[in-house]
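Counting starts at 1 for both ligands and their atoms, following the listed order.
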Amino acid sequence: MLTPKITSTREVLNLDGLWRFDLDAAVGEEPWRATLRTTREAPVPASYNDLFPDPRFRDHVGVAWYQRTVRVPHGWRGTRVMLRLDAATHEAAVYVDDDLVVTHVGGYTPFEVDITGHVTAGGEFRLTIGVDNRLTPSSIPPGSVDTDSLGRPRQRYMHDFFNYGGLARSVSIQSVPAERIDDITVTTEIDGTSGLVSYDLVTTDLTPGAEVRLRVLTADGTVVGASSGSRGVVEIPDVRLWRPGAAYLYTVVAEIVRDGEVRDSYPLAVGVRTVEVRGNRVLINGEPFYFTGFGKHEDSPVRGKGHDPAYLVHDFELMRWTGANSFRTSHYPYAEEVLDYADRQGIVVIGEAAAVGLNLAIAAGYLGQTEVTTFGPRGAFGDTTRDAHAAHLRELIARDKNHPSIVMWSIANEPDSRDPGARDYFAPLVSLTRELDPTRPVTYANMILAQHDTDVIADLFDVVSINRYYGWYQDTNDLAAAEAHLEADLRGWEASFHKPIIVSEFGADAIAGLHAAVDQPWSEDYQTALVAMYQRVFDRIDSVVGEHVWAFADFQAMPITQRVDGNKKGVFTRDRRPKAVAHALRARWTSLSQAKNPE
Ligand code: GCB
């Protein structure tokens, strides 16, 4: 599915703004059949939970309704009209006037539907979207809804970030030609001083005489290569590579031409670069790459997970200020605008699926129970969850496969990888990921309960990613013990797997402004000392090829007693002010980028 773009043959009408909005219980039966009975409005894109000072919205479990009137541009006569939602978290039913036109499951990937038969150019229609925020044992991410002692529905889930719901990304309609390009897949290789761009176009059925062609343009518009047919390879002589920190993008323009006239045209930004794992190194363009940066969230005050270009630019500027070269889209696919920007800014991305919380051992482990079964027929997550996970991976890779910034897929965060059933669950998903994208390494983020000698899936993956909290959840307030345990742990993985290791999470909560002369958890000083201790260990272990601090910024969390107005492991506060650790990271990473990733 191609991102909506205005081209010489396509138009887009963005529907962002204030929509009529209310919760299911307020609007009566079949609310799509008439103007929504409410005076309330909500912005799109934004999560709805924090907009209203009312726990009914914040803690809502179930469906919320968005509605607006849309006028189809009169010039769209004779074209196909597509409706596209960049995300509806987590499930959506979409109505055009009285008709259900599409449903979709999965809160972080886009979907579209052809609504040509339901609308008229120049006319208006009523667009109503029911968005359900419930997580179930077979949704990705998983969760469950139970009834509390007062008979109210309560959402349970196994990840700590707040379960924001609503339309957190853009909604648009587009006019596209009947005869059109439906998908483009581009992969790149380097051959001496040339770049090779292989492409594969999917089109609608073409009428006789229609021809497909493709041109590659430099950033200033000079054509450097061309081809015809739905598949092929274009060579770019004296190629300028996409490099971390020094992005360069070509534009591939795909076209359908008939009778000398361009019937469809679609431009795609393409960066020529390679990624591979060799021994215990990750190579980008054949050179070892050391990842510095963060696990992030899409999270900000008021708008929750709503995409916001101001936060996008500011976050990237702050990352650049710390000397970070990369981040992980923990724990779900981010808005496409984020990846487009990463492509242009030369920031490296580990693209993570929304499979977070496939782990019953985390709660059980902390409560002292030992026997839990997460996966398999006797566990909570069997074939139905795996099918949902596979469907999600298909949508993720279909959306993001062409981004040069994405160098790796992380297909799950902290699954119960000690559970024997994890192997049967994950082996097909790893194969599927490789089949969908043979060009990128695959990883998952390991959690401490599965160690190098008890984890049953790590060998299936290309890169070992490890989330560790020595000095915080374990060895609390004891950095000496934490240092010894961390080193032994990492050395165990190095010796067992001989693969590159990225420490994909490490950190400590810190309340901005709290200082202490001696080690004290929750102080900025302790957070800084803990991060420095981890880095000393990383520097002693050859296989460590990356350090992603948890987390970029404080973020809203599920309300539990371990969280003080959210998770405070941010290097920046939720409003993006640096804690002391930010300055320490800046000192290390700006000098590391010279030493480990020379230009
Ligand atoms: C983790 C999770 C992350 C949490 C973090 C924490 O291991 O991957 O989502 O936010 O720990 O702060 O507990």
Q: Below 4.0 angstrom from a heavy atom of Phe555, which ligand 1 atoms are there? Numbered from 1 as shown, please.
A: 10 (O)

Q. Which is it for Glu414 and ligand 1 at heavy atoms under 4.0 Å: side chain, backbone, both or neither?
A. side chain

(Q) Once you measure the plane-to-plane angle for Tyr534 and Phe538, does it fall in the parallel (<30°), tilted (30-60°) or perpendicular (>60°) bin? (A) perpendicular

Q. Would His389 and Phe381 count as a close aromatic pair, with their ring centres under 6.0 Å?
A. no

Q. For atom 12 (O) of ligand 1, what's the nearest protein heavy atom and its distance?
A. Lys569 NZ, 2.5 Å

Q: Just let me know how Glu505 lines up against ligand 1, side chain, backbone, both or neither, with a heavy-atom cut-off below 4.0 Å.
A: side chain

Q | Per-atom contacts of ligand 1 with Tyr473, taking only distances under 4.0 Å to non-hydrogen atoms | A | 6 (C), 12 (O), 13 (O)

Q: Tell me which part of Asn413 gets within contact of ligand 1: side chain, backbone, both or neither, using heavy atoms under 4.0 Å.
A: side chain

Q | Aromatic centroids of Tyr290 and Trp589 separated by under 6.0 Å | A | no

(Q) Does ligand 1 come near enough to His331 that some N or O of the ligand is less than 3.5 Å from an N or O of the residue? (A) yes

Q: Give a yes or no on whether the ring-centroid distance for Phe327 and Phe316 is below 6.0 angstrom.
A: yes

(Q) Taking 4.0 Å as the limit for heavy-atom contacts, which would you say applies to Val356 with ligand 1: side chain only, backbone only, both, or neither? (A) neither

Q.
For Asn280 and Asp542: C-alpha separation, side-chain torsions, deciding distance, then whether side chain to side chain donor-acceptor pair (under 3.5 Å) applies.
A. CA-CA 8 Å; Asn280 65 355; Asp542 183 57; 2.9 Å; yes

(Q) Please check: side-chain N/O of Ser326 versus main-chain N/O of Thr292, any donor-acceptor pairing under 3.5 Å? (A) yes

(Q) Using a 4.0 Å cutoff against the non-hydrogen atoms of Arg563, which atoms of ligand 1 qualify? (A) 6 (C), 12 (O), 13 (O)

**Q.** Trp550 ring center within less than 6.0 Å of His331 ring center
**A.** yes

Q) What atoms of ligand 1 come closer than 4.0 angstrom to any heavy atom of Asn467? A) 8 (O)

Q: Find all atoms of ligand 1 within a distance of less than 4.0 Å from any non-hydrogen atom belonging to Tyr469, and give their numbers and elements.
A: 1 (C), 5 (C), 7 (O), 11 (O)

Q) Does the cation-pi check pass for Arg399 over Tyr108, that is, NZ or CZ under 6.0 Å from the six-membered ring centre and within 45° of its axis? A) no

